[in-house]
Amino acid sequence: MLQVGADSGFAVLPVRAGATAGEAGAGRMKIAVCSQGSTPGAMIDSRFGRCQYLLVYDSEQKNWQTLPAPGCNSGGGAGIETARFLVGQGVQVLLAGHVGPNAMRVLDAAGVQVYTGIEGTVENSLRLYQANRLTRLTAPNAAPHHGLAARV
């Protein structure tokens, strides 16, 4: 597990479960970001189901956990597999570029809030969320099998 401390220059606001983007408050929240690399300084991956890593920020522990994405090399059902995995990890917020319809149904049913508009690094995307500068998705913004084209 990667720790982000005072030396990183990365200020994190505490947020509570059920809070809207950028709302500060008490309580623990796990926020997942799709990534091309295994550290918070890595570039985001705009794909959800087939991203290489999921970096999960725990607002209570103030640290990052790097998780290899289970659907990265999946031929089909990558979004569903990755969504179920995140739900099992207790994630309440997902920051992603594109989410397909099947994954969105799983995330919606579990109450995971999905935000899009991420850019740059994983850390930057978390900052954008905390500054209330991301857009909440209420419907999928990608077609099924969206990430397959990027693997070729």
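Bear in mind the structure is a predicted one, so any value in this text is a computation, not a measurement. This chain uses plain numbering: 1 for the first residue, then up along the sequence.
For the residue pair Thr138 and Met104, the shortest heavy atom distance occurs at C-CE, 4.0 Å. Ala69 and Cys51 make their closest contact through CB-O, 3.0 Å (heavy atoms, listed as atom of the first residue, atom of the second, distance).
Separation of atoms CG (Leu137) and CG (Leu95) is listed at 10.5 Å; rounding is to 0.5 Å. Here the CD-CE distance, from Glu60 to Met29, works out to 12.5 Å after rounding to the nearest 0.5 Å. Atom CG in Leu107 sits 10.5 Å away from atom CD1 in Ile80 (nearest 0.5 Å). Here Ser125 contributes atom OG and Ile118 contributes atom CD1; the two are 4.5 Å apart, rounded to the nearest 0.5 Å.
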*Which is it for Tyr115 and Thr135 under the side-chain contact (heavy atoms from CB on, under 4.5 Å) test, yes or no, and what are the steps along the way?*
CA-CA 5 Å; Tyr115 289 86; Thr135 302; over 6 Å; no
_Intermediate values then yes/no, side-chain contact (heavy atoms from CB on, under 4.5 Å), Val56 and Ile31_ = CA-CA 5 Å; Val56 178; Ile31 303 165; over 6 Å; no
*asked:* Go through it in stages, so that I can follow the logic: the residues are Arg127 and Asn124, the test is side chain to side chain donor-acceptor pair (under 3.5 Å), and I'd like the CA-CA distance, side-chain angles, deciding distance and then a yes or no.
replied: CA-CA 5 Å; Arg127 286 187 189 112; Asn124 184 61; 4.8 Å; no
*Evaluate the side-chain contact (heavy atoms from CB on, under 4.5 Å) criterion for residues Met43 and Thr121: first the C-alpha distance (whole Å), next the side-chain angles of each, then the deciding distance (0.1 Å), finally the verdict.*
CA-CA 4 Å; Met43 297 301 292; Thr121 65; 4.2 Å; yes
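Leu54 places a side-chain heavy atom less than 4.5 Å from the side chain of Leu86. Contact check for His98 versus Thr116: no side-chain heavy atoms found under the 4.5 Å cut-off. In this structure the side chain of Arg28 reaches within 4.5 angstrom of the side chain of Asp58, judged on heavy atoms. Side chains of Leu128 and Glu119 form a contact here, defined as non-hydrogen atoms less than 4.5 Å apart. Gln113 is not listed as a side-chain neighbour of Leu94, based on a closest heavy-atom distance of 4.5 Å or more. Inter-residue side-chain proximity for Gln65 and Tyr57 is flagged as unmet; no heavy-atom pair is nearer than 4.5 Å. Counting heavy atoms from C-beta on, the side chains of Thr39 and Trp64 never come closer than 4.5 Å. Between Thr82 and Phe48 there is a side-chain heavy-atom pair separated by less than 4.5 Å.
The backbone N or O of Gln89 lies less than 3.5 Å from a partner atom in the side chain of Lys30, making a donor-acceptor pair. In this structure, Thr66 contributes its side chain and Ser38 its backbone to a donor-acceptor pair below 3.5 Å. A distance-only check finds a donor-acceptor pair linking the side chain of Asn141 to the backbone of Gly97 [under 3.5 Å]. When atom types are taken as modelled, the side chain of Ser35 and the backbone of Tyr53 share no donor-acceptor pair closer than 3.5 angstrom. Between the side chain of Gln92 and the backbone N or O of Val112, no donor-acceptor pair lies under 3.5 Å.
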